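Convention: sequence-line order gives letters A, B, ...; per-chain numbering from 1. The figures here come from the full heavy-atom set of this structure, side chains too, leaving out hydrogens, waters and symmetry mates. Bear in mind that the values here come from a model prediction, so they are computed numbers and not experimental data.
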Amino acid sequence: MATPNAHYGFAERWLPRLVLAPSFFLTLVFLYGFIAWNGYLSFTESRLLPNYEWAGLVQYQALFENERWWVAVRNLGIFAVLFIGGAMAIGITLAILLDQKVRGEGAIRTIYLYPMALSFVVTGTAWKWMLNPGLGLEKLMHDWGFTSFTFDWLVNSDMSIYTVVIAGLWQSSGFVMALFLAGLRGVDDSIIKAAQIDGASLPRIYWKIILPALRPVVFSTLMILSHIAIKSFDLVMALTGGGPGFSSDLPATFMYSMAFTRGQTGLGAASAMMMLATVAAIVVPYLYSELRKDQHG
Amino acid sequence: MGALAIKNVTKSFGDTHILKGINIDIEAGEFLILVGPSGCGKSTLMNIIAGLESPTSGEVCIADRIVNEVAPKDRDIAMVFQSYALYPTMNVRQNIAFGMETRGVPKAEQNEVIARVAKMLQIDHLLDRKPSALSGGQRQRVAMGRALARNPKLFLFDEPLSNLDAKLRVEMRVEIKQLHQRLKTTIVYVTHDQIEAMTLGDKIAVMKDGVIQQFGSPEDIYERPANLFVAGFIGSPSMNFLPCHLVEQNGQVGVTLQGVEAPKFIALQDRAGLKERVGQKVILGVRPEQWDVENTPDALVCKVKITEPTGPDTMIYSEVNGVEMIARVHPRAASGPGTTLPLVLDVKKAVLFDPETELRIA
Ligand SMILES: Nc1ncnc2c1ncn2[C@@H]1O[C@H](COP(=O)(O)OP(=O)(O)OP(=O)(O)O)[C@@H](O)[C@H]1O
Ligand SMILES: [Mg+2]
């Protein structure tokens, strides 16, 4: 009796580990290994090629004295606030409107959700054409006779980051809408009815009763949007290429041009570490609170 | 003064007709019970009265005012929903206070009302809990509390006691009855429970498939059911339906019933319209308590198949005219399975139905 049981226990114990081992190993090397390597490089004077001589914090010092880095950080601030706030506001509004039992809801939902199916590169390119003063919106308006119309944000270094915001909103708002629509559908209809009898107006019902009940959806959406914002790279590359000049740089594009086109590997590594720290600052407290909730039941 | 009048209300969702011409009229202060099998449209009718759904056709009047175009909040009603419909992120206190806040009731008054309602419903100790931390019965009481925090013209209760345990249910039933006697507010009350229907209602509307089968006082419904459905639906155990032929003997119209001995003629005295039907098939409706054990020559001797003691009474299952029949008798008069029992029918209370139309004929 004891022997077969022990055999069974052996397979039971080792089979899952065996199956998981390759992906565990790959993750370990290619994710955490490279993070560690990158972390080390950020403390060296690496330029075009890696150099493993310890140099302390010089790269970080250089980074913090670099004007272009601060432009990128400021842009990320503008982009993140407007992109996350805007996508949430537009998405929630669309979801609430769609939840009012409108006709043709399926079709409308698909239309709004469709941009999500495109890659940021396609979105960026399409919006580059549309916002290009010589090709897109401005030209159209001029052709229609509104010759005083100007919309040159794409080539205006004060405004170029806002074109990134516009394209990002266009791409992601529908996705936020879909998340919230699913959440709204899960809310018991009679709760809304009860609130109507209690005399609450529709905005008050949503603001005081429904949205608080959707807190988990709000949090997951915030998490998804903030990490899209921080790692935003392809959208900027396709839309503005970081320009004019470096006026629409984000930390990700900054890192890319330092590390891969300007031979400043150490500086690029340092900026990558800063981005990692930002993501960690958002994700770790979230994970912590979620895990703690699990433990407490 | 008419408190609630429903005139020819119909409701369809696309091609499905849920309500097919509902007519109800009740006076101020009356307690209306809606009963009917699941899915017959009771909640739909409640929603229409509340203004949460609009009728496909017809009129709803509350306090002599046509309210078809009036928003729910302006109809001066309070409602308890079948699914409780508590606000999930608010605690019990906030749930009860929400409506008052919306209406701008001063804080001090709100607290007073909450304290009063909580005491009445025995939920004082739950005031700071979220709905998710309450049992079904506790949620139901909170939902009641939310409605009782108002002083409306019309209360709408959609099965408010269905999830309570037997004891609490009885307590709440009495509580609701007292509340109604004290406030004299008009109440529309949906229930599946016979006893609730009979004890609480001034008027009962029995519904089936979106049609009101009968609308009347509890006594009417119980003693003079309009058709087989109402007769079978109200009362527990339900009325016995014994198939018979109308015959005439010695100048008297009656039916014959057969237990284990030779058929017995039962004269149905002075009922209009029976003479013309002699020779036709009818269904004799007899409630279980209309039988008595009595050893007389007129008694119908029945064979006891099963006995079911319920405490105060014993249910006797036997067979009459080829169908199962239940008699409710005194426990001391009952005898065990396999024995025979002489049963006497209270003829005056028995009713007759036409088997074709299913309507009561006498
Ligand atoms: N929005 C809707 N669309 C289509 N059909 C509906 C809708 N709402 C209700 N129905 C149908 O209407 C019928 C009556 O529903 P209702 O909720 O009024 O029944 P009920 O008498 O309250 O039943 P119960 O005793 O189970 O609560 C049901 O067959 C239901 O499926
Ligand atoms: Mg119902």
Side-chain angles (χ1 to χ4, degrees), chain A residues 88 91-92 95-107 179-223 286 289-290 292-297, chain B residues 13 43-44 46-54 62 67 70-91 94-105 110 130-133 139 142-147 149-150 152-159:
Chain A
M88 292 288 273
I92 291 176
I96 290 176
L97 292 180
L98 260 191
D99 196 36
Q100 309 305 311
K101 302 202 173 77
V102 291
R103 224 170 277 196
E105 185 209 306
L179 288 179
F180 273 90
L181 196 59
L184 287 175
R185 287 293 141 85
V187 174
D188 180 6
D189 234 15
S190 57
I191 290 178
I192 300 180
K193 291 179 176 170
Q196 279 176 346
I197 290 181
D198 266 344
S201 60
L202 212 55
R204 187 172 148 89
I205 293 176
Y206 277 100
W207 190 246
K208 295 283 258 192
I209 297 169
I210 311 287
L211 288 181
L214 294 185
R215 231 177 60 132
V217 182
V218 174
F219 267 110
S220 347
T221 314
L222 276 179
M223 294 308 297
Y286 175 73
S289 77
E290 286 295 299
R292 211 177 49 158
K293 215 185 297 165
D294 272 357
Q295 270 170 17
H296 284 247
Chain B
F13 294 105
S43 298
T44 309
M46 291 294 252
N47 283 341
I48 288 176
I49 298 173
L52 299 166
E53 306 215 34
S54 48
I62 296 176
V67 291
V70 178
K73 69 182 167 69
D74 299 322
R75 293 191 179 196
D76 204 3
I77 51 171
M79 183 160 175
V80 176
F81 289 83
Q82 192 169 3
S83 57
Y84 325 123
L86 300 180
Y87 310 132
T89 53
M90 301 185 191
N91 64 26
Q94 293 163 327
N95 258 283
I96 298 175
F98 183 75
M100 292 189 278
E101 257 168 40
T102 315
R103 276 173 278 127
V105 175
Q110 284 184 24
K130 291 270 174 69
S132 55
R139 285 179 209 186
V142 175
M144 283 285 284
R146 208 167 51 178
R150 298 187 68 163
K153 278 213 187 64
L154 183 63
F155 276 119
L156 301 173
F157 292 156
D158 198 347
E159 306 198 27

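- Scanning both residues, A/V217 and A/T221, for their nearest heavy atoms gives O-OG1, 2.6 Å.
- Ranked by non-hydrogen atom pairs under 4.5 Å with chain A, the options B/L86, B/T89, B/L52, B/N47 are led by B/L52.
- When B/S83, B/A71, B/A50 are compared by the number of non-hydrogen pairs under 4.5 Å with chain A, B/S83 comes out ahead.
- Of the atoms belonging to B/F98, heavy atoms from both backbone and side chain fall under 4.5 Å from chain A.
- A salt bridge between A/D198 and B/K73 is absent, with no side-chain N of the basic residue lying under 4.0 Å from a carboxylate O of the acidic one.
- Using modelled atom types and a 3.5 Å distance limit, the side chains of B/S43 and B/D158 yield a donor-acceptor pair.
- Summarising the geometry, atom CG belonging to B/N95 is positioned 10.5 Å from atom NZ belonging to B/K130; distances are rounded to the nearest 0.5 Å.
- When side chains are defined from C-beta on, B/F81 counts as touching B/M79, because their heavy atoms get closer than 4.5 Å.
- Contact annotation for B/E53: only side-chain heavy atoms (C-beta onward) come within less than 4.5 Å of a heavy atom of chain A.
- For chain A, the nearby part of B/R146 is the side chain; its heavy atoms alone come within less than 4.5 Å.
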